[in-house]
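Structure, as structure tokens:
In each ligand, atom 1 is the first atom listed, and ligand 1 is the first ligand listed. Owing to the predicted nature of the structure, the values given are computational and were not obtained by experimental measurement. Hydrogens, waters and symmetry mates play no part in the numbers below; they use all other heavy atoms, side chains included.
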Amino acid sequence: MDLDCDNHIHTVYSGHADESMTVSNIIKKSEQVGLAQIAITEHSFDWHLGPRGNFQLIKNELATIPTDINVTVGMEIDPDMENLGKLNFDDFDKDEIYPILVGFHGYPGVSMGWFEKIHFTRRDKNRIYSRWFKIMEKLIENPKVDILAHPGRIIMQNGIINEFSGSVLKDFESLALAAKQYNVAFEVNETLLNNMPTEKLENSYPNVINIMLKHKVKLSIGSDAHNLEKIGKFDKVADFIKRFNID
Ligand SMILES: [Zn+2]
Ligand SMILES: [Zn+2]
């Protein structure tokens, strides 16, 4: 698998990326590091001009920048937590925005960000866990979804699961079958791999990748860069590719 493509890059318009992440700097940096293909995938958060406005702004800026890199403008969209399988921003045609990444940035039924320290009871954890899988399963069937962004990240936080083993892998196996069936890609996300909450989770996450490979699920590589240094910088992803001999 070539590491000359980065399918997950953010911009200043996310409101939380580094201020150097302008479209022209992203292109410059991508050229410098030898990427052949990138996807600018801003969040669907209602920030700056909102999902539609930010998308258009990025497109317009891009049109003024000459480059040999194949650049597409996609979006990273959160699921609608209440309506199974729906996206929280859905007002676009399938061919208009590519690729569509779907990623959780909050817990189902909890109004706090994924990165916050939260004390969950066992019951909360079980509820979030099964809800997450249920939502993921239905999202895969949504024809607008191309890529599952940083899959599993939300259930790794705050002790929802302790490792990717046993019944957790069985549940990922079901996701893999659905992803294969609906031709949805599973993201290998460099930022996620660099920020595993515990060693147990880190050491067992490869089991999940293995399941995706076993079922021939498409993989998508993304840095999830929020600053220029991270664009196309694939250390952990490269380890995975070597380790699993991914072609
Ligand atoms: Zn994300
Ligand atoms: Zn992202």
Self-check item: Ring centres under 6.0 angstrom apart (F89, F92)
Solution: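 Yes, close enough.
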Self-check item: Ring centre gap for F45 and H105 strictly below 6.0 Å
Solution: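 They qualify: ring centres under 6.0 Å apart.
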Quiz item: Should the pair K218 and F186 be classed as cation-pi, given the thresholds of under 6.0 Å to the six-membered ring centre and 45° from the axis?
Solution: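 No, cation not above the ring by the 6.0 Å, 45° rule.
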Practice problem: Of all N, O or S atoms in H150, identify the one at the shortest distance from the Zn ion (ligand 1). | Solution: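 Sorting the N, O and S atoms of H150 by distance to the Zn ion (ligand 1) puts NE2 first.
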Practice problem: From the options E190, H8, E76, select the one residue that forms a side chain to side chain donor-acceptor pair (under 3.5 Å) with H150. | Solution: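 The residue from E190, H8, E76 that satisfies side chain to side chain donor-acceptor pair (under 3.5 Å) with H150 turns out to be E76.
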Self-check item: Name, closest N/O/S atom of H8 to the Zn ion (ligand 2)
Solution: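 That would be atom NE2.
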Practice problem: Give a yes/no answer: is there an N/O/S atom of E76 under 2.8 Å from the Zn ion (ligand 1)? | Solution: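 Checking E76: at least one N, O or S atom is under 2.8 Å.
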Practice problem: Give, rounded to 10 degrees, the angle between NE2 (H10) and OD1 (D224) as seen from the Zn ion (ligand 2). | Solution: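 The two atoms form an angle at the metal of about 90°.
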